[in-house]
Amino acid sequence: AEDAPYNPGPVLDEITLSAQTAAPGGTLSVGAEAGDSDGVRSIWVRFIHDETGTVLSVPLKARFGDPQAQGYYSGELDLPPDAPLGEYALRSVVLVDQRDGRTRYLREADMNWNARDTELLEEELSFTLVRDTAGPVLLGCSVLQETVQAGEDESGKVRTARIPLTAAD
């Protein structure tokens with residue numbers, strides 16, 4: 001029996017993350033631009049927390065509707081409430097076409113340079129899980145003077161104004 005001709009898998013042109021920080025229990029949007037003459041059947045993106053080995057993965061789906069969105073895929077990565085805090089590195093993107101052609105994109109540290117279906121991730125993306133992603137909230141601001149003159153006064157001192165701010169975190 002003859003071997004079937006080699007069918008290279010899809011090509012990954014770009015991968016993006018909606019944010020570099022997130023909180024457990026939230027989500028992150030993951031996007032990719034990819035293509036294959038046979039059509040892309042699936043894209044799986046995998047992140048790993050290096051300290052604990054915790055794996056978070058998400059399938060990406062085609063963004064249909066807008067003809068300009070052809071070749072664009074997206075998905076929502078659910079971040080478990082009990083996920084360890086810290087950095088999660090993009091470790092792999094696996095793409096499969098409609099005829100089972102497969103391409104695995106890996107970061108440089110994980111590369112198998114001899115595998116014909118393996119490519120280097122051009123960007124080593126990561127995100128950090130933190131307990132609190134919401135910064136302080138400005139609650140109020142008041143100006144204690146109705147007018148302030150710019151520049152220096154007669155003695156050479158720079159004029160200033162007090163503006164108290166109230167914030168909560």
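The model shown is predicted, which means the values in this text are computed figures rather than measured ones. Because only heavy atoms are used, hydrogens play no part in the values below, and waters and symmetry mates are left out as well, while side chains stay in.
Under the 4.5 Å side-chain heavy-atom criterion for Ile, Leu, Val, Met, Phe, Trp and Tyr, I15 and M111 are members of distinct hydrophobic clusters. When the side chains of ILVMFWY residues are joined at heavy-atom separations under 4.5 Å, either directly or via intervening members, L125 and W44 end up in two distinct hydrophobic clusters. Hydrophobic clustering, with ILVMFWY side chains joined whenever heavy atoms are under 4.5 angstrom apart, groups V58 together with L121.
Put simply, the side chain of L120 does not reach to within 4.5 Å of the side chain of L106, judged on heavy atoms. Looking only at side-chain heavy atoms (C-beta outward), Y73 and V40 come within less than 4.5 Å of each other. The shortest distance between side-chain heavy atoms of T27 and L79 does not fall below 4.5 Å. Considering only heavy atoms from C-beta on, L90 stays 4.5 Å or farther from E124 through its side chain. Looking only at side-chain heavy atoms (C-beta outward), L28 and E76 stay at 4.5 Å or farther from each other. Using a 4.5 Å cut-off on side-chain heavy atoms (C-beta onward), F47 and T54 make no contact. The shortest distance between side-chain heavy atoms of V30 and L17 falls below 4.5 Å. The closest side-chain heavy-atom distance from V130 to L85 is not below 4.5 Å.
Rounded to the nearest 0.5 Å, atoms NZ (K61) and OG (S42) are 8.0 Å apart. Here the CD atom belonging to E14 is positioned 6.5 Å from the CD atom belonging to E123, to the nearest 0.5 angstrom. If you take CD on E119 and CD on E122, they are separated by 9.0 Å, rounding to the nearest 0.5 Å. To the nearest 0.5 Å, the span separating CG on L12 from CG on D36 amounts to 12.0 Å. With rounding to the nearest 0.5 Å, the separation of CG in L77 from OG in S29 is 9.5 Å.
Between A19 and F127, the closest heavy-atom pair is O-CB, 4.1 Å. Considering every non-hydrogen atom in both T52 and P84, the closest pair reads OG1-CG, 3.8 Å. Counting all heavy atoms, side chain and backbone alike, G75 lies closest to L60 at N-CD2, 3.5 Å. Annotation for P24 and P81: closest pair CB-O, 3.4 Å, computed over non-hydrogen atoms.
Donor-acceptor pairing under 3.5 Å is recorded for the side chains of S126 and E87. In summary, the side chains of N7 and D97 do present a donor paired with an acceptor at a separation below 3.5 Å, with no hydrogens or angles considered.
Screening D110, L56, V55 for a side chain to side chain contact (heavy atoms under 4.5 Å, CB included) involving R91 leaves a single residue, D110.
When the shell of 6.0 Å around CZ of R102 is examined, it contains 12 or fewer heavy atoms from other residues, nucleotides or ligands. For E108, the CD atom counts as loosely surrounded, since its 6.0 Å shell holds 12 or fewer non-hydrogen atoms of other residues, nucleotides or ligands.
The aromatic rings of Y88 and H49 are tilted relative to each other, their planes meeting at an angle between 30° and 60°.
Of the possible polar contacts, none joining the T103 side chain to the L95 backbone as a donor-acceptor pair under 3.5 Å is found.
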